[in-house]
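Order of listing sets the numbers, starting from 1, for every ligand and every atom in it. The structure displayed is predicted, hence computed values, not measured ones.
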Amino acid sequence: MYKKVLQRIQQSQNLQLTLSATLLTTAVGLGYAYYKTKNSQNNLKKHNIAKVKDHYNSVDQLSLTNIDKVKCLHYDLILYISFDKKSIEGSVNYHFEVTQKTRKVYLDVRNLKIKNIMMDGQKLESMIISSDKTKNFGEQLQIFLPNIQEQGSKFKLIIQYETVESKHSGLNWLNPSQTEGKVFPYLFTQSEPYWNRTIFPCQDSPAIKSTYSAQLHVPKPLKAYCSAKLISKFETEHETIMNFKQDIPIPSYLFALAAGNLEERKSSDRTSVISEPEVVDKYAKELEDMEVQLKTLEEIITPYEWEEYKVVVLPPSFPYGGMEYPLLTFVSPSIIVGDKSATDVIIHEMAHSWSGNLFTCKNWREVWLNEGWTVYFECEAIRKLHGEEEYQIRFLMLDNELKNNIDKIGHHHSYTTLNPIIDLQNPDDSFVGVPYIRGMQFLTHLSNFVGKHKFSNFTRSFIEKFKYKSVDTQEFKQSFKEFFGEQIYSNIDWDGWISKPGYPPSDFETNCEGVEKPKKAALRFLNDSEVSKQEWDAFSVQQKIIFLQEVNKKEQLTKEKVKLLDENLELSLLVNPEVYTKWFVIALSAKYEFIIPYVKKHLSQHGRMKFVREIYKLLNEYNHDLAVEVFKSNEELYYGFCHSLVKSDLKL
Ligand code: BES
Ligand code: ZN
C-alpha cells in the first residue's frame with residue numbers, strides 16, 4: 001500500500017516538475033470581456049468561444065459548467081496543505097463521461113490559479129472567463145480537448161492548481177490564536193452551496209455526483225479529515241499523509257476538509273467526536289448519545305449506509321450550527337452548552353445522511369428537498385425519542401419561526417415559496433429558513449393526508465428510487481403520484497404549498513399542555529405583567545423559546561416591561577444561545593441598556609452567523625459606534641462571508 005502511495009506522490013511530483021512552466025489561464029473580471037495570454041489569442045477563434053452567459057446549463061443557474069454534456073463520475077485528489085502560505089497546492093484527476101458529444105469541458109472555479117491541464121500526457125489549452133452577471137458566485141474554466149468526444153465515451157483529465165487566499169472562499173485559515181490550543185493553525189472548509197469551486201476546479205452543482213479519493217498532506221503533528229473513509233495513514237520526516245476514499249457518489253458541496261491539531265474519541269463502534277485535545281473529552285461527553293440518535297433515525301428511515309458517523313466540533317468561527325458532510329458532520333462549538341440542551345443540531349445533520357446526502361436536490365431552488373425532508377425526519381426522531389408532547393412543542397416553535405420569517409421577507413416574496421427565484425446578484429439571500437419549515441410542514445401535511453404508515457412506505461420507496469441521484473420537485477410529485485395514484489394526488493394543493501407566496505395553506509392544531517403553558521404564560525405577562533420564575537425554570541428550552549416568541553409577537557415591549565422580565569426571570573443567567581439570542585432581540589429592540597455587556601460578551605465568543613448577524617443589526621440600531629467598536633475588536637472570529645455580511649450590515 002505504502003509503495004503505491006509513494007508511487008502516486010512521485011508521479012504527482014514529476015508531473016509538477018514537468019508541467020509547472022507557464023500559466024495557461026488568466027482570470028478576467030470585467031463585464032463580458034474575455035482575455036487570454038497573448039500566444040493563445042488565436043485559439044479563441046479556432047474554438048469559437050462564446051461568452052460565459054451563453055454557457056449556463058439547463059439544470060443549475062449557479063453553476064457555469066456544461067453539465068448537460070459531461071459528467072464527472074470520479075476524481076482523485078492530491079492536496080498539499082500549506083499553513084505558511086495559507087494555500088492548497090493540488091492535482092485533480094477527473095474521470096468524465098460524455099452525455100452529449102463535445103470538445104469542451106467547462107468547470108466552476110473561483111480564486112484558483114490553474115497551473116496545468118493534461119490529457120493523456122498532452123497539455124491542454126484553457127481559459128478562465130468571468131462576467132458581471134456571475135461574479136458573485138464564480139468563474140468558468142473553459143478547457144479545450146484535443147478531439148471531439150463522442151456521446152457515451154469516457155476520458156480523464158488532470159488539473160494542477162493552487163488556491164488563492166480570499167474572503168470569498170470556502171477555505172477558512174485560522175491562526176493559532178483562533179483555536180482552543182493557541183499553538184497550531186487550523187483549516188476548515190465550507191462548500192455548501194457553491195464554494196467548492198474555491199477549493200478545486202469542479203462541476204460545482206448538486207446535480208452532479210461523483211465518488212472520490214483524496215490524499216492529504218499536512219505538516220506534522222497536525223491531522224486532516226475529509227468527508228470520506230480513512231484508508232491509510234503514514235508519516236514522512238515532516239508530513240503526515242492520509243488517504244481517504246468515498247465510494248458513494250456525492251455532490252461537490254459535500255466535499256469537506258478539516259486540518260489542525262485534532263484528536264478523535266470513539267463513542268460507539270461507528271460514532272466518534274473529533275476536536276482539539278483541550279476540549280475533545282468535554283465535547284465527546286456532551287455528544288455521547290449519537291449512537292442512540294442514529295439508531296432512532298434508522299428505525300424511522302432505512303439502515304445507515306455510510307458506515308461511520310463522525311462529528312468535528314470546530315472552533316467558534318465555523319459559520320453554521322452544523323453541516324452534514326457525509327460521515328463527517330461539522331458543528332459549531334455553540335451547540336455545547338453543558339446540559340445537552342443545544343445538541344439537537346446533531347439529529348438534524350445526521351438525518352441529512354439520507355435526505356441531501358443519499359438523495360440530493362438538483363439545484364438550489366430545490367433546496368427544500370434537502371432541508372424540508374431533514375427537518376421532517378428530525379421532528380419524527382424527536383417524537384420517537386421524547387414523545388408526542390415534545391414533538392408538538394417543537395412544531396409550534398418552528399411554526400412561529402416560519403411565520404416570523406415570512407413576515408420579515410414579505411408575504412409576496414418568492415423566497416417564501418418552495419421554488420424561489422434566485423437573485424443572481426445576491427444568491428446568498430435566497431438561503432432562508434422557509435424551505436426548512438415550510439418543507440417540513442408540507443411533508444407532514446402529506447403524511448397526515450395519506451396516513452402515517454403509508455407515508456413511511458412512500459418515504460422508503462422515494463429514497464430507494466433516488467439514492468445516489470439528484471432529484472427535483474417535479475420528480476418528487478411524479479413519484480408521489482405513482483405511489484398513491486391519481487386520485488389522492490389530485491386532492492393535494494401542490495401549487496398552494498409549493499409556489500404560492502405567504503403563509504402555507506393549512507394550519508396545524510397543537511393541543512397539549514406542554515404547548516399551552518408557555519403560550520398562556522406569555523399572554524399573562526403581556527396582559528397583566530405577571531411572570532413566574534418557578535414556571536419559567538420548569539420550562540424546557542423549546543418552551544422558553546416559545547414564551548419569548550409569543551412575548552415578541554405583538555407590538556414592541558416597553559423598556560419597563562423588558563426590565564420586569566429580566567429581573568423576575570434572571571434572563572442574564574441563560575447559557576443556551578438558542579434561547580438567550582431570542583432574549584437579546586427583545587431587549588435590544590426595547591433599547592434596554594443593561595443587556596449591552598451580555599451582548600458584547602456573546603459577540604466575542606460566537607461566530608455562528610445565525611447568532612451574530614441579527615444581533616449586530618439590532619446593536620447597530622441601538623448605537624452604531626458601539627456596534628462598529630464591538631465588530632472591530634472581534635473581527636478575527638468571523639468567517640469570510642459572515643464577516644462581509646456583518647460589515648455591509650454595519651455600512652462599513
Ligand atoms: N446544510 C445546512 C447548512 C447550510 C445550508 C449551509 C445552506 C449553507 C447553505 C445544515 O444542515 C443546517 O441546516 N444547519 C442549521 C442547523 C439546523 C439544526 C437547522 C444551522 O446551521 O443553523
Ligand atoms: Zn440542514
- Message: Below 3.5 Å, N or O to N or O, backbone or side chain included: is there any such pair between K610 and ligand 1?
- Response: no

- Query: At a 4.0 Å threshold, what atoms of ligand 1 neighbour a non-hydrogen atom of E324?
  - Reply: 1 (N), 2 (C), 10 (C), 11 (O)

- Query: With no hydrogens and no angle check, do the side chains of N111 and T198 hold a donor and an acceptor under 3.5 Å apart?
  - Reply: no

- Message: Could you check whether S205 and W364, counting side-chain N and O atoms only, form a donor-acceptor pair closer than 3.5 Å?
- Response: no

- Query: So which heavy atom in the protein is nearest atom 15 (C) of ligand 1, and how far is it from that ligand atom?
  - Reply: E349 OE2, 4.1 Å

- Item | R608 heavy atom under 4.0 Å from ligand 1 | yes

- Contact check: G322 vs ligand 1, nitrogen or oxygen atoms, below 3.5 angstrom: yes

- Task: Anything under 30° is parallel, anything over 60° is perpendicular, the rest tilted; go ahead and classify F641 against W195.
- Result: parallel

- Message: Just verifying a value: how many Å separate N363 CG and S58 OG, rounded to the nearest 0.5 Å?
- Response: 10.0 Å

- L107, I199, T65, N196 screened by side chain to side chain contact (heavy atoms under 4.5 Å, CB included) with D204, the one that passes: N196

- Item | Any N, O or S atom of E371 closer than 2.8 Å to the Zn ion (ligand 2) | yes

- Message: Distance alone, cut at 3.5 Å: any donor-acceptor contact between the side chains of N400 and E550?
- Response: yes

- Subset of ligand 1 atoms that lie under 4.0 Å from at least one heavy atom of G321: 20 (C), 21 (O), 22 (O)

- protein heavy-atom neighbour closest to atom 13 (O) of ligand 1 works out as Y436 OH, 2.7 Å

- Query: For Y304, does the OH atom have more than 12 heavy-atom neighbours from other residues, nucleotides or ligands under 6.0 Å away?
  - Reply: yes

- Heavy-atom nearest pair, M397 first then Q549, reads O-NE2, 3.1 Å

- Would you mind running through ligand 1 and noting each atom that sits below 4.0 Å from a heavy atom of H352? 11 (O)

- Item | Top protein contact for atom 2 (C) of ligand 1, by heavy-atom distance | E371 OE2, 3.3 Å

- Message: Give me the residue, atom name and distance of the protein heavy atom closest to atom 4 (C) of ligand 1.
- Response: E192 OE1, 3.3 Å

